[in-house]
Each structure stands twice: as C-alpha cells, then as structure tokens.
Amino acid sequence: MIGGLFIYNHKGEVLISRVYRDDIGRNAVDAFRVNVIHARQQVRSPVTNIARTSFFHVKRSNIWLAAVTKQNVNAAMVFEFLYKMCDVMTAYFGKISEENIKNNFVLIYELLDEILDFGYPQNSETGALKTFITQQGIKGQHQVINITHCSSVRFIVSACGAVPYLLSALLMIPLHTFFLFSAFSAYQPSPFVSSDTVSLPVPQTKEEQSQITSQVTGQIGWRREGIKYRRNELFLDVLESVNLLMSPQGQVLSAHVSGRVVMKSYLSGMPECKFGMNDKIVIDKQGKGGASDEAGKSDLGGGSGKQSIAIDDCTFHQCVRLSKFDSERSISFIPPDGEYELMRYRTTKDIILPFRVIPLVREVGRTKLEVKVVIKSNFKPSLLAQKIEVRIPTPLNTSGVQVICMKGKAKYKASENAIVWKIKRMAGMKESQISAEIELLPTNDKKKWARPPISMNFEVPFAPSGLKVRYLKVFESKLNYSDHDVIKWVRYIGRSGIYETRC
Amino acid sequence: MTDSKYFTTTKKGEIFELKAELNSDKKEKKKEAVKKVIASMTVGKDVSALFPDVVNCMQTDNLELKKLVYLYLMNYAKSQPDMAIMAVNTFVKDCEDPNPLIRALAVRTMGCIRVDKITEYLCEPLRKCLKDEDPYVRKTAAVCVAKLHDINAQLVEDQGFLDTLKDLISDSNPMVVANAVAALSEIAESHPNSNLLDLNPQTINKLLTALNECTEWGQIFILDCLANYTPRDDRESQSICERVTPRLSHANSAVVLSAVKVLMKFMEMLPKDLDYYGTLLKKLAPPLVTLLSAEPELQYVALRNINLIVQRRPEILKHEMKVFFVKYNDPIYVKLEKLDIMIRLASQANIAQVLAELKEYATEVDVDFVRKAVRAIGRCAIKVEQSAERCVSTLLDLIQTKVNYVVQEAIVVIKDIFRKYPNKYESVIATLCENLDSLDEPEARAAMIWIVGEYAERIDNADELLESFLEGFHDESTQVQLQLLTAIVKLFLKKPTETQELVQQVLSLATQDSDNPDLRDRGYIYWRLLSTDPVAAKEVVLAEKPLISEETDLIEPTLLEELICHIGTLASVYHKPPSAFVEGSRGVQHKRLPGSAGSGESVDSPDTGSAAGVSEAPPAVIPSQGDLLGDLLNLDLTPPTATGPPPAPSSGMQMGAMDLLGGGLDSLMGDESEPLGGDLGGSPAMGAGFGAPAAAMPASFSAPVSGGLDDLFDLGGGVGMPMGAYSPPKTVWLPAMKAKGLEISGTFARRAGVIQMEMTLTNKAMSVMTDFAIQFNRNSFGLAPAGPLQVLTPLSPNQSIEVALPLSTVGPVMKMEPLSNLQVAVKNNIDVFYFSCQYPISMLFVEDGKMERQVFLATWKDIPNDNESQFQIKDCHLSSDAASNKLQGSNVFTIAKRTVEGQDMLYQSMKLTNGIWVLAELRVQAGNPNYTVSLKCRAPEVSQCVFQSYEAMLKN
C-alpha cells in the first residue's frame with residue numbers, strides 16, 4: 001500500500017510530507033526530487049523506480065504530488081487516489097497552488113490522516129468529509145470563482161453556478177413542459193441552497209456524532225442526511241466532445257463521441273433518482289414489451305430526430321447501482337448534493353458530424369500554394385454553433401499569406417505555422433469558405449512538407465451522439481415533495497474534441 | 001491571516017522561542033506554536049527537542065490541536081521512545097471517549113507509533129475497538145491490526161487479533177468488511193503458507209455482497225482479494241464472474257482493472273464452448289477501451305496492462321486497433337505504449353491503416369518515438385507477409401529523408417526483413433549502401449555490415465566497403481567487430497580470390513591485437529576452420545539460417561501468467577514479477593492462473609491436453625512444470641505460420657570439437673537475431689530466449705514427465721542429521737574486471753541440512769563497497785536466498801570477506817539449461833552485476849533419501865528402461881565400501897550390496913529437494929579403476945547432473 005505522500009513545489013521543495021509506512025524514510029523525499037523533479041530530460045513515465053522504491057506522480061499546475069511505496073501496490077488505485085486527493089483539496093480551498101497549499105497545510109494533514117489510513121484509501125467523498133473535517137479552507141487572494149463546466153470540482157456554490165446558466169439560458173430546456181416558464185426568471189439563487197458553504201459546528205451531541213460515522217462508513221458515503229432546500233431543483237448537462245479524423249476525400253477514418261452527464265442536484269432528503277435516456281438497448285426492449293412513444297416525444301432541440309442510440313460503453317459515478325444497470329440497464333441512484341459527474345459514455349455509431357471540412361490544396365510551382373477550405377454546417381437551421389475556429393497549417397518556409405474569407409476573421413499566425421479562421425456564430429445548413437495564397441521561400445530541403453491535418457473547434461447546442469435525456473425521476477418518500485415538484489433543467493452542449501481533416 | 005507564514009521562520013533561537021510558546025497559557029498561542037513545529041517538521045528540520053513540550057499539549061479538548069500533536073508524535077516517537085510513554089495515558093483515555101471520532105483517532109494514531117512499549121499498551125484498547133458499536137471505530141481498528149502486525153507479528157497472533165479480524169469479514173458494515181479484507185490480505189502476504197484468508201464459498205459470497213455496497217476503494221480491496229481465490233469448478237467460476245462484471249462500468253479505473261483481473265483469471269476455468277465465455281470476452285473490450293479516455297497517468301497503467309491482456313487473449317481487442325492510434329498531444333509514455341500495442345494487434349485486416357499511421361509517426365519530433373515507429377514498420381513487414389512490400393517501400397521513403405536516426409533505425413529493421421524473406425528485397429541494397437557513411441550507431445553499423453557480408457556476391461564493391469570499416473577496427477564496439485569478422489569471412493568464402501589479404505588482416509586483428517576473449521575465440525575458430533577444411537568452413541559459415549519468428553518480444557508464458565494475476569498492480573506496470581522489485585517476503589509468492597480445461601484448449605492435440613490435465617494436480621514444489629509445458633507447446637503450435645525458433649544450444653557437456661563449432665555457430669546466429677527481440681519496446685526480451693530451448697524439446701517429452709509428475713509433486717520431507725557432505729572448491733564466479741572491482745568466488749555446500757552458498761567477496765577497486773544484496777533468477781529447483789546477504793561492514797579496498805548465504809528451495813521455478821545453472825545478481829553501492837554459476841546437484845540430496853528395500857525394487861522395475869542411463873567413472877581407486885561411505889556423506893544412501901563374480905553392485909537411492917527420487921546402481925570391480933553407474937529416475941533429465949556429482953563426490 002501507499003507508504004508515503006509528498007507534495008512539492010516546482011523547485012522541488014517539500015510542502016507536505018506524510019509517511020504512512022515504516023519502510024519509507026526521509027531520503028525518499030530527496031530521491032524523488034533529485035531523480036524526477038530535477039531530472040534534465042522530459043518525464044518518461046509517471047511511475048519511477050528508484051532504489052527499489054516506486055514513486056507515482058501527478059502534476060497540477062506546477063505542484064507535484066507523489067505517492068511512494070515499496071510494495072506491489074495497485075497502481076491504478078494509487079493514481080485514482082491522487083486525482084481524488086486533488087478533488088478534495090480543490091473542494092476545500094480552490095486551486096492547487098503553492099500559496100494555497102502552504103496556507104492550508106494543517107487542513108491537508110488532517111485530510112490526509114482521514115482519507116489514507118496506513119496507506120489504504122478510506123472514504124474520500126467531500127460531502128462526507130465536510131461533516132467532520134470542518135476547518136475552513138483558506139483561498140488565495142487572487143482566487144477566481146470556479147465556474148467551469150468541465151472542472152472536476154464537486155461542490156460549486158450555487159450562486160456562482162448560476163452564472164453560466166444565465167449566460168446560456170437560451171440553450172436550456174426544462175425537462176417537463178409542465179414547468180415551462182421563462183428561463184431568466186426561473187433562475188434565482190435561493191438563500192437555502194448554499195448549505196455547503198456554511199461549515200457545520202463541531203458535532204456535539206451523540207446522535208450527531210454517530211450520524212457522521214454512519215455516513216462516513218455507510219453505503220451512501222457521498223451524501224449526508226438532513227439536507228433541506230426550499231426549492232428542489234436539478235440541472236443536467238449533457239457535455240459531449242466529438243472526435244473526427246477524415247480523409248481529404250471526405251471519408252471518415254475514425255469518429256467517436258465521448259460524453260459526460262454532469263448533474264447539479266439541489267434536492268432535499270435522500271432522494272431516489274432514476275435516469276433514462278434513449279439507449280438503444282432499453283428502447284428496443286420496451287418496443288418489444290409494449291409500445292412506448294416517449295422517446296419520440298422527448299426529441300427536444302436535438303440535431304436530428306434519431307430515436308435511439310447505441311452506446312459502446314459507459315461508466316458511472318459510484319452512487320449508481322451497477323448491478324441494477326447490469327441486469328436491467330436502468331440507472332438508479334441517490335445523488336450526491338451539488339455538482340458531480342453522473343456518467344461518462346462513448347459512442348461510435350451514427351454520429352452527427354456538425355461540420356464538414358472540404359480542403360483543396362494546390363501547389364503552384366515551388367514557391368506558391370493555393371488553399372481553399374469550405375466548411376458546411378450540418379444540423380438544424382434553427383440552431384447556432386458558436387466559437388468556430390478552423391486551423392489551416394502552413395509550411396515552415398511560408399513567407400507571406402493572403403487570405404480572403406466570406407465570414408468571420410482569418411489571420412496568418414507565423415509563430416504557430418497556421419492560418420487561424422474564427423467565426424463567432426454560424427447557423428445550421430450553411431456554408432462558408434476561405435481561400436488563401438501562401439508564398440513560399442525556395443528551400444533545398446529535400447524533406448517534403450508533411451501536410452498536417454486541418455483542425456477545427458466549435459460548440460453546438462445539441463448532442464452529436466444523438467443522446468437524449470428521456471426522464472429523470474425523483475422519489476423521496478419521507479419528505480412531502482413529489483417528482484412533479486422538482487424543477488429540472490437539461491442542457492446539451494457538443495464540443496469539438498480532436499476534429500481533423502487531412503488535406 | 002494565513003498558515004503559510006509558518007514556513008518562513010528561519011531565525012536563530014527558534015527552538016527556544018517555540019518552547020516558550022508551547023508552554024504558554026493561551027490556547028491560541030499553543031496552537032500557533034504546534035503549527036509552526038509541524039511546518040518545520042515538514043521541511044525537514046529536526047524539532048524532536050520539543051518532544052516533551054508538544055506532548056504536554058496533547059491533553060486538550062480541541063480536536064484540531066489534538067490531531068496536530070498526534071501527527072508530531074507519529075513522526076518522533078521512535079526517536080524518543082521513553083518520552084513517548086508519557087503519551088500512553090492520553091491514548092488509552094481517548095480510546096474510551098464517548099465521541100467515536102476521538103476513539104478512532106486514538107486507535108489509528110497509536111498503531112502508527114512504532115515503539116515496543118507502547119504496543120503493549122495498545123492491545124487492550126484495540127481489542128475493545130475491534131468490537132466497538134460504531135462502525136467507524138471498527139473499520140479503523142481493522143487497519144490497526146495490520147499496523148500492529150507490521151510492528152510485532154507474534155504479538156498479534158498471541159493476542160488472537162487475527163481471529164477477531166476474520167470475524168469482521170462478516171460485519172454488517174461494508175466498509176468494515178473492506179478494511180478487514182485489506183488488512184487480512186496484507187498479513188496473509190507475509191505468511192504465504194498460512195490459511196489466514198480462508199477463502200471458501202461462504203466468505204466469497206459475503207465479499208461479493210459487500211462489493212455492491214462499499215466505497216470505491218473498498219471495492220478494490222475486495223476485488224484484489226477475490227483474485228486470489230481459486231473456484232472449485234467452472235460453475236462457481238461463472239457465478240463469480242457474473243457478479244463481478246457490473247464493476248466494469250465503475251467510474252474508478254482501478255475498480256475496473258481489478259475486476260478485469262478477476263475475470264481474466266476466472267475465465268481460465270470456463271470451457272470455451274460455453275456461451276457465457278463468449279459473452280464475457282465481448283464484455284471485456286469496451287471498458288478496456290474506455291480506460292484510454294482517463295487521465296494520462298491512468299492511461300499509462302491501463303496500456304501496460306492491455307499489453308499483457310493482448311498477449312494472453314488477443315481476441316478481446318482485435319477489432320479495436322483504432323483506439324490505440326497515437327494522438328498528437330499524448331504524453332510520450334502513452335505514445336510509446338500505444339505503439340507497442342499497435343504492433344501486437346497488427347494483422348492482415350488492419351495493416352493498411354496501421355502502416356499509414358506509422359508513417360505519420362515517423363515524422364514526429366520525439367526521437368525515441370520515431371525510432372520505435374520505424375521499428376514497428378519493420379515488425380509489420382515480418383508479421384504480415386502481404387504487407388512486406390509496402391513496408392519496405394515505406395522504409396525506403398524514410399531513408400530518403402536522410403534524418404540520421406531514422407536511416408539507422410530503418411537499416412536495422414531491413415536487416416531483419418532480409419532474414420525473414422530471403423532473396424526478395426535485395427534490390428534495395430544499393431540505396432542502403434549510399435548511407436554507409438552516416439551510420440554512427442553500433443547497432444546500425446553492425447546491421448549494415450551483416451547485410452554486406454550476407455550479400456557479398458551481389459555487391460560489386462563489397463570488399464571496399466568492408467575494408468573501409470576495418471580501418472578503425474579497434475575503435476568499434478564489440479558488436480560491430482564481431483559482425484565485421486564474420487562478414488569478411490563470408491566474403492572470403494564467396495569471393496576467395498580477391499579477398500585473401502582482407503581476411504588475413506581481420507583474423508590477425510581479431511586474434512592478435514584484441515583483448516576481447518569473444519572476439520579472439522571467434523577469430524581462432526574461423527582461422528582454424530579455414531586452414532583445415534575450407535569446405536566445412538563453407539558449410540558452417542554459410543549455412544542456411546533458421547528463419548526468425550514473427551513475435552519476438554513476447555513475455556515468457558509463465559511470467560505472463562503471473563503478471564495476469566497482478567493486473568492493475570505495479571508488477572503489471574513494470575512487467576516484472578513482484579519479487580523483482582519488492583524487498584523481503586512480501587509479494588515473493590508466485591501467483592499463477594488456475595489450471596483448467598481452458599489451458600490446453602487452444603491446441604487440440606491429445607498430448608497437450610494431458611499436460612494441461614496434469615497441472616490440476618495439487619500444487620507443490622514445481623507447480624508450473626505442467627503448465628509451462630502446456631504453454632510452451634501452445635506457443636509452438638498456435639501461430640500456424642510460426643517459423644521455428646533458433647535451435648537450442650547443444651547440451652554442451654561433452655565438449656567435442658564438433659560441438660565447439662556448433663556452439664560457436666549458434667552464438668553467431670544468436671547475435672544476428674538478437675536485436676529483433678532485444679530492443680523492441682521496454683518489455684523484457686525474453687520471448688525468443690526462453691521459448692527456444694523448451695520448444696525444441698521433443699514432443700514425446702511430455703509423456704514420461706506427466707507419468708512421473710506424481711513423484712515430482714511429492715514434497716521433500718524434513719531435514720536429517722548433519723554430515724560432511726561433498727563441497728567443490730571455490731571457483732571465481734565473477735571476475736573483478738566484469739564487476740567494477742568486485743570479485744566473487746564461491747561454492748555450494750550442504751551443512752546440517754541447509755544448502756549454503758559460500759562466497760568470498762573481494763574488493764579490488766579503489767573505493768569502499770557497501771549495501772550488498774543478492775538475488776537469484778528463477779531456476780530449476782527453486783533455489784532462493786533464505787535471508788539477506790550478510791555483509792555487515794563496508795568492504796574496504798583490497799579486503800576480502802567470507803559470506804555464507806543459506807538457501808531455500810521454495811523460490812520460483814523455471815527449467816534451466818543446463819539444469820543446475822543458477823543466474824545470480826549481486827548489487828552493491830556501485831552497480832548491479834550478473835553472473836551465472838552451476839551448483840553440484842548433490843547439494844539438493846536430502847537427508848531422508850533412503851528408500852525402503854522393497855520400495856526400491858518396485859520402483860526400479862516400475863521406471864521404464866528408456867529412463868535408464870549409464871555412465872563410466874574413470875580412475876577411481878576406492879573400494880566399494882569406501883565409496884559407499886563417501887557417498888553417504890552427501891546423502892546418497894546405499895540400500896543393498898551384492899557381489900557377483902568379484903563385482904560389487906551397490907544399490908543406492910537419493911532424493912532431491914523437490915521430491916524427485918533417483919535410483920542408482922554402482923558397479924565396482926576390484927582392481928579395475930573404472931566404475932559403472934546406472935541411473936534410473938522418472939525425470940531422466942536430472943541423470944546427467946547426478947552423474948557429474950557422483951564423479952565429483954567420489955574423486956574428492
């Protein structure tokens with residue numbers, strides 16, 4: 001098991017050192033610094049063996065976290081633990097930086113004592129930890145409020161969480177038409193929501209104490225009892241990144257979508273949730289059992305009217321009952337409070353490729369190159385794609401570039417050896433074009449230009465995989481609110497992953 | 001106000017100031033002071049002087065302060081054991097606290113204080129906490145048992161904590177179960193033979209139930225523990241698999257990998273025609289692919305594991321080639337691993353795509369990666385015949401780029417392609433020759449020289465080319481020198497008229513001016529061959545080469561099996577067994593896959609079927625023998641187009657002239673095929689080396705062995721009385737020249753029933769040597785050091801030291817060639833050195849090797865005559881009685897004596913540590929110094945060694 005855990009700054013100075021096992025000595029701290037942090041060449045492996053001691057490390061900005069062991073530990077577990085530790089620290093005091101770590105070192109030691117016992121990871125769910133490790137994290141002065149969608153931060157103060165929702169409120173769709181009122185007025189941070197920001201008093205009564213211990217060790221370690229909201233509300237974000245490699249002739253060489261369903265739940269009590277999507281296996285099963293047209297109805301705002309999708313593989317947050325998914329393919333769980341990632345999935349079939357890139361490169365003699373690139377948007381005309389960026393690589397010996405584009409702005413960036421073409425918005429079923437003349441310096445370099453692929457970035461308000469949320473039912477039998485009282489929001493965002501067309 | 005200020009106090013007199021603050025009346029000030037102390041501790045300052053003052057702060061209601069003091073105690077208690085006692089009272093009191101968090105904190109901390117006196121006080125509170133009403137305290141106490149065991153194993157056993165811990169497996173709280181499992185697994189590891197983790201269907205059921213309910217970490221502990229269980233039959237195996245598969249959808253990659261481990265292992269037991277088997281195979285692929293979208297560090301761990309899985313069960317991922325395509329932004333370690341897997345998955349179906357990718361990679365920036373990509377193209381050519389032509393043209397394109405390292409790498413692989421497809425692509429030689437001048441790496445130079453020599457008859461200026469290399473002969477590396485020597489001899493045999501001068505020049509350079517023994521020996525062999533019989537020389541040097549196999553970088557099958565049992569762990573990341581990097585007794589246990597109908601099924605021949613069946617016999621000293629055999633045959637038979645591996649080195653015992661040449665030739669060829677497996681990837685290049693000798697074993701070998709396995713499995717019994725056993729004189733094993741000044745000479749002896757390796761270590765270097773350690777490679781009889789190498793004082797220059805290292809015979813087993821070969825690694829502060837030596841097999845004769853007369857007779861008759869071998873011992877002038885006495889000293893027991901026509905017949909028996917019986921008949925004729933020994937044994941391969949021991953024992 002893990003023998004010790006060290007945190008270093010970029011210079012290799014130790015900020016935190018906690019040794020769990022007798023076989024790890026103080027010299028291990030120095031061994032890692034000398035052999036890895038101060039090593040001249042690039043890091044060749046995240047696992048290093050120095051004198052029969054193995055070091056696992058991850059880096060967050062310029063902070064090194066290293067776990068040390070002399071045994072044959074579960075390597076995957078050690079890395080998972082290191083990531084988890086980063087999550088926990090972020091949840092307590094924000095960004096992992098030298099300043100924040102120094103400011104919170106007592107807290108970090110307390111956390112390390114709790115989440116790692118004799119090198120065995122213990123319950124490390126922030127929700128549970130916050131009930132009895134109640135020290136306030138100290139955030140640095142220049143701390144920015146963390147509002148990114150993709151950050152792994154589990155607990156986001158709802159007041160801050162509101163910001164992106166307001167910005168993109170137009171894209172949000174309430175799950176039940178029943179609750180269709182103005183998206184702007186719908187979002188008012190309620191004063192009761194922020195239960196996470198207030199630290200609980202040190203538990204005094206016996207009941208409180210045993211409630212804590214039973215939660216930390218219990219089956220539902222990720223949620224505490226007694227959460228109360230005046231308004232029960234939940235947000236579902238379907239975030240997808242679509243990846244493509246296309247040949248110059250327009251043939252798809254490989255394409256896949258990796259998606260995440262991120263949930264923010266502000267629900268009272270211990271709600272039992274059931275999540276449904278247009279998973280082909282489920283729909284087919286239902287289709288056989290008895291007609292259900294629910295899937296067709298719930299086609300809201302997507303790019304196409306596809307009925308169901310084939311999911312290659314998915315993984316779930318630990319709150320989901322996996323055996324139930326395995327046997328019935330139903331996704332049921334008691335959610336953690338606040339933001340967390342409910343599931344990840346991957347699809348490869350019938351992907352909607354939001355953009356098609358058609359390149360045309362012509363070499364005119366030895367010193368000139370003509371490039372024409374057409375992009376076509378391939379989704380409903382009523383939808384708008386945003387933050388579109390096309391990157392056309394240029395040869396190293398480029399001396400000058402003239403660009404003409406129909407829409408947006410294009411610039412030749414010599415330092416990046418590329419023409420970057422940016423378009424703010426573009427509706428579906430449209431087409432745009434850029435042409436460029438590239439002047440080349442004559443060289444005697446025999447090596448041909450390798451023609452790197454043209455890459456693209458964008459954001460679209462639908463799920464390129466075709467995934468649809470069919471329902472998210474909430475049951476809380478002990479409290480007096482029903483599924484219909486819960487305000488639910490769903491949002492689909494498709495982003496480009498590695499979206500490349502060879503030319 | 002922030003805590004970072006504590007890191008900045010560096011002024012003098014700090015300790016005194018802190019002391020004053022610690023003794024302050026104000027609580028806040030105290031806490032501040034303790035924080036400062038902890039901060040100093042973190043950055044490595046010694047603040048142990050403050051021990052009593054800090055301990056004084058322990059009695060407090062403030063939980064935060066208490067935790068800080070505990071943290072301090074854990075760090076310094078060991079250096080101040082007497083003072084640490086002061087803290088005991090508080091601990092004991094805290095263990096009774098009404099607050100479960102405080103009870104747990106106390107018991108958790110107490111276990112971390114490694115002071116004997118404290119552990120005594122720990123027992124009572126721990127016993128209470130193990131039965132505490134609060135699960136949080138129980139789960140903490142469970143881990144505490146493991147802590148205590150680490151400090152004082154005996155105490156834990158005496159106090160009966162192990163039984164309490166076992167009871168916790170049935171606890172109602174899943175987290176308590178998980179921690180108990182983790183603690184028991186760890187304790188069990190240090191007691192390999194104890195039945196501590198008594199896994200039976202009932203406990204397994206409990207574990208599987210807890211699996212659904214506990215935290216992600218707990219699931220990992222439980223799955224890792226499940227992987228050690230061997231189900232009774234395929235039904236049980238299937239039902240466990242069914243309950244484990246849901247874990248494949250867990251977000252935590254470690255849970256997924258541990259589940260994969262369990263499934264990979266239990267799958268071995270499922271019959272292949274079962275529907276469920278196919279379903280399971282299909283279920284494994286998606287989660288493995290999903291692991292590749294995790295963070296890069298986890299991707300790396302996953303890829304190293306996938307590499308193993310692909311070797312064991314290629315069918316799982318054969319359609320998933322695309323996901324291993326390298327992304328531009330992948331870290332280099334991920335790129336290299338992906339490339340490795342791409343080569344393994346390359347097949348006719350996907351080769352076009354793979355090649356297109358590899359070509360892209362060859363233009364990247366990272367030198368290692370580019371080299372590997374170029375090599376991969378060569379591997380594809382060798383693996384997929386249809387693609388060879390395309391690969392070669394791709395390689396030629398790459399050579400045209402003139403990028404130095406790309407050219408060199410391409411030449412190395414083209415040499416291999418020539419080996420695989422002789423007389424097909426020689427048209428490219430001209431292009432290769434153009435790049436002769438730019439080659440500066442030994443491997444590329446050697447490859448180029450090989451090509452020139454091999455195709456000398458087609459290269460007009462071959463002599464000029466080779467001559468150009470000859471100019472700097474002495475500056476070349478050995479690899480190049482050897483190759484140059486061989487190439488010029490080849491050239492001479494092909495074009496004798498114009499190259500006589502050249503060959504003489506190289507022979508004299510190699511034999512007279514070189515101090516490298518390998519080079520000299522090879523030179524002499526050629527020289528004599530050429531001068532005595534040029535026709536024979538031609539036959540030897542220009543002999544047809546064995547074809548190279550297509551998969552050379554495979555992990556040796558037994559190691560692979562063991563690594564599959566370690567999926568997810570460090571062993572699977574390093575591709576080394578745990579014993580290679582874990583000190584002490586932990587992890588030395590040799591894990592293997594369950595034997596089953598599954599292991600022989602990929603081959604339908606009845607031969608292997610029976611071999612696989614044998615592997616189900618109760619595990620004993622040579623458990624892997626049957627499996628190994630099955631696997632080697634598998635290896636030999638499964639790839640249908642496999643070209644035979646290089647021939648096994650000849651027995652090497654009778655060093656006749658022919659054999660000498662044969663050996664030389666083998667080593668030449670060995671050299672040439674070596675780079676193929678040697679440098680491809682970080683994986684150990686054992687494939688070819690290990691596969692070769694055993695695969696070349698006649699297939700009929702399996703029959704007598706499986707017949708005699710019962711005997712092999714018979715465990716060697718106790719130890720008898722001490723006797724003056726024969727021990728050969730010490731010989732130099734490791735010359736100082738090869739080991740940076742460390743010389744090791746040694747011998748083996750059996751003293752008082754204990755096998756000892758007696759060594760003299762001499763320091764012939766200028767500096768002091770310290771930190772000695774020793775390790776053995778797997779060997780035929782499982783010899784392993786029974787303790788660490790005891791070199792207590794540093795070895796100063798010119799000092800010698802005698803060391804006796806006791807050996808055990810419970811180490812990992814692998815058949816060696818010759819049988820009694822032992823490969824040893826010795827480490828000191830300077831480096832690690834390797835040597836091999838042979839032990840006399842008489843060391844392994846155990847004291848209870850005396851057979852009953854009747855048993856002897858029956859056994860003698862029972863062993864087929866094919867297994868009998870006869871040897872002559874010459875010039876031995878002992879009487880039969882003297883011989884008998886002498887042999888008895890080495891545990892060769894005379895059971896009966898018969899005199900027929902003036903000839904004494906001694907019937908003798910001996911038993912090896914692994915339970916093999918050897919029966920002997922020794923014929924001694926008065927006046928005749930020549931003895932005859934007939935040996936009968938169910939494992940006839942030991943006979944040769946036993947005979948050598950006989951000779952040695954009798955003559956000393």
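Heavy-atom basis, side chains included; hydrogens, waters and symmetry copies ignored.
Side-chain contact annotation: B:Thr290 with A:Asp313, donor-acceptor N/O pair under 3.5 Å present.
Of the atoms belonging to A:Phe56, it is side-chain heavy atoms, and not backbone ones, that fall under 4.5 Å from chain B. In this structure, chain A has heavy atoms under 4.5 Å from both the backbone and the side chain of B:Val289. Only the side chain of B:Ile220 comes within contact range of chain A, with heavy atoms under 4.5 Å apart. Only the side chain of A:Phe325 comes within contact range of chain B, with heavy atoms under 4.5 Å apart. Interface remark: A:Thr348 contributes no atoms to any contact with chain B (heavy atom separation under 4.5 Å). Interface remark: B:Ala146 contributes backbone and side-chain atoms alike to the contact with chain A (heavy atom separation under 4.5 Å). Interface remark: B:Tyr300 contributes side-chain atoms only to the contact with chain A (heavy atom separation under 4.5 Å). Only the backbone of B:Met41 comes within contact range of chain A, with at least one heavy atom under 4.5 Å from a heavy atom of that chain. Contact annotation for B:Thr140: both backbone and side-chain heavy atoms come within less than 4.5 Å of a heavy atom of chain A. Only the side chain of B:Phe221 comes within contact range of chain A, with heavy atoms under 4.5 Å apart. In this structure, the portions of B:Asn252 lying under 4.5 Å from any heavy atom of chain A include both its backbone and its side chain. Neither the backbone nor the side chain of B:Lys827 comes within contact range of chain A; no heavy atoms are under 4.5 Å apart. With a threshold of 4.5 angstrom between heavy atoms, B:Pro135 approaches chain A through its backbone and through its side chain.
When all heavy atoms are compared, the tightest approach of B:Leu570 to A:Ser54 is CD1-OG, 3.3 Å. The shortest heavy-atom contact between A:Ser323 and B:Asn212 is OG-OD1, 4.0 Å. For the residue pair A:Phe105 and B:Lys35, the shortest heavy atom distance occurs at CZ-O, 3.4 Å. Between B:Ala254 and A:Asn74, the shortest heavy-atom distance links the atoms CB-OD1, 4.3 Å. Scanning both residues, B:Ser579 and A:Arg52, for their nearest heavy atoms gives O-NH2, 4.0 Å.
Checked for salt-bridge contact, B:Arg247 and A:Asp326 miss the test: no charged N lies under 4.0 Å from a carboxylate O. Checked for salt-bridge contact, A:Lys59 and B:Glu295 miss the test: no charged N lies under 4.0 Å from a carboxylate O. Ion pairing between a basic and an acidic side chain is recognised when a charged N comes within 4.0 Å of a carboxylate O; A:Asp117 and B:Lys147 show such pairing. For B:Glu357 and A:Arg502, the salt-bridge test passes: some basic side-chain N is under 4.0 Å from an acidic carboxylate O.
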What's the verdict on side chain to side chain contact (heavy atoms under 4.5 Å, CB included) for B:Gln219 and A:Gln318, showing C-alpha distance, side-chain angles and the deciding distance?
-> CA-CA 10 Å; B:Gln219 296 185 17; A:Gln318 62 164 317; 5.5 Å; no

Please lay out, stage by stage, how A:Lys70 and B:Val582 fare under the test side chain to side chain contact (heavy atoms under 4.5 Å, CB included).
-> CA-CA 6 Å; A:Lys70 284 208 163 185; B:Val582 175; over 6 Å; no

Audit row: A:Val47, B:Tyr333, side chain to side chain contact (heavy atoms under 4.5 Å, CB included) steps and yes/no | CA-CA 10 Å; A:Val47 185; B:Tyr333 48 82; over 6 Å; no

Let me see the working for A:Thr315 and B:Leu248 under side chain to side chain contact (heavy atoms under 4.5 Å, CB included), right down to the final yes or no.
-> CA-CA 8 Å; A:Thr315 59; B:Leu248 294 175; over 6 Å; no

Evaluate salt bridge (Lys or Arg N to Asp or Glu O under 4.0 Å) for A:Arg346 paired with B:Glu320, printing each intermediate quantity in order.
-> CA-CA 14 Å; A:Arg346 186 163 46 82; B:Glu320 303 287 352; 5.4 Å; no

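Taken from OG in B:Ser249 to OH in A:Tyr345, the straight-line distance is 15.5 Å, to the nearest 0.5 Å. Rounding to the nearest 0.5 Å places CG of B:Leu105 at 9.0 Å from CD of A:Glu110. Interatomic distance, NZ of A:Lys84 versus CH2 of B:Trp217, reported as 6.0 Å (0.5 Å rounding). B:Asn179 contributes atom CG, which lies 4.0 Å from atom CD of A:Gln122 (distance to the nearest 0.5 angstrom). Within the model, atoms CZ of B:Arg108 and CG of A:Asp113 stand 4.0 Å from one another, a figure rounded to the nearest 0.5 Å. Atom CE of A:Met77 sits about 11.0 Å away from atom OG1 of B:Thr569, to the nearest 0.5 Å.
Per-residue heavy-atom pair counts under 4.5 Å with chain A were compared for B:Val143, B:Thr215, B:Ile151, and the maximum is reached by B:Val143. Counting heavy-atom pairs under 4.5 Å between each of B:Ser293, B:Cys214, B:Cys112, B:Pro287 and chain A puts B:Pro287 at the top. Comparing A:Val58, A:Ile133, A:Asn49, A:Val29 by heavy-atom pairs within less than 4.5 Å of chain B, the highest count is held by A:Asn49. Counting heavy-atom pairs under 4.5 Å between each of B:Ala182, B:Ser572, B:Pro174, B:Gly218 and chain A puts B:Ala182 at the top. In terms of non-hydrogen atom pairs under 4.5 Å with chain B, the most contact-rich of A:Phe118, A:Phe81, A:Tyr109, A:Phe79 is A:Phe118. Per-residue counts of heavy-atom pairs under 4.5 Å with chain B were compared for A:Val19, A:Thr53, A:Val320, A:Leu253; the largest is that of A:Leu253. When the candidates B:Lys261, B:Arg243, B:Gln353, B:Arg114 are compared by the number of heavy-atom contacts under 4.5 Å with chain A, B:Arg114 comes out ahead. The candidate with the highest count of non-hydrogen atom pairs below 4.5 Å against chain B, out of A:Ala75, A:Ala76, A:Pro46, is A:Pro46. Among the candidates B:Leu298, B:Leu257, B:Asp224, B:Val137, the residue making the largest number of heavy-atom pairs closer than 4.5 Å to chain A is B:Leu298. Interface remark: of the candidates A:Pro121, A:Ser17, A:Ala51, A:Pro121 forms the most heavy-atom pairs closer than 4.5 Å to chain B. Across B:Phe581, B:Tyr70, B:Phe325, the residue that shares the most heavy-atom pairs under 4.5 angstrom with chain A is B:Phe581.
A:Arg18 is listed as a side-chain neighbour of B:Met74, based on a closest heavy-atom distance under 4.5 Å. Using a 4.5 Å cut-off on side-chain heavy atoms (C-beta onward), A:Val106 and B:Leu68 make contact.
Counting heavy atoms of neighbouring residues, nucleotides and ligands inside a 6.0 Å radius, atom NZ of B:Lys359 does not exceed 12 of them.
Judged by distance alone, with hydrogens and angles left aside, the side-chain atoms of A:Asn72 form no donor-acceptor pair with the main-chain N or O of B:Pro578 at under 3.5 Å.
Residues passing the salt bridge (Lys or Arg N to Asp or Glu O under 4.0 Å) test with B:Asp366 are A:Arg44, sequence neighbours excluded. In this structure A:His256 satisfies the ring pair (Phe, Tyr, Trp, His ring centres under 6.0 Å) test with no other residue, sequence neighbours excluded.
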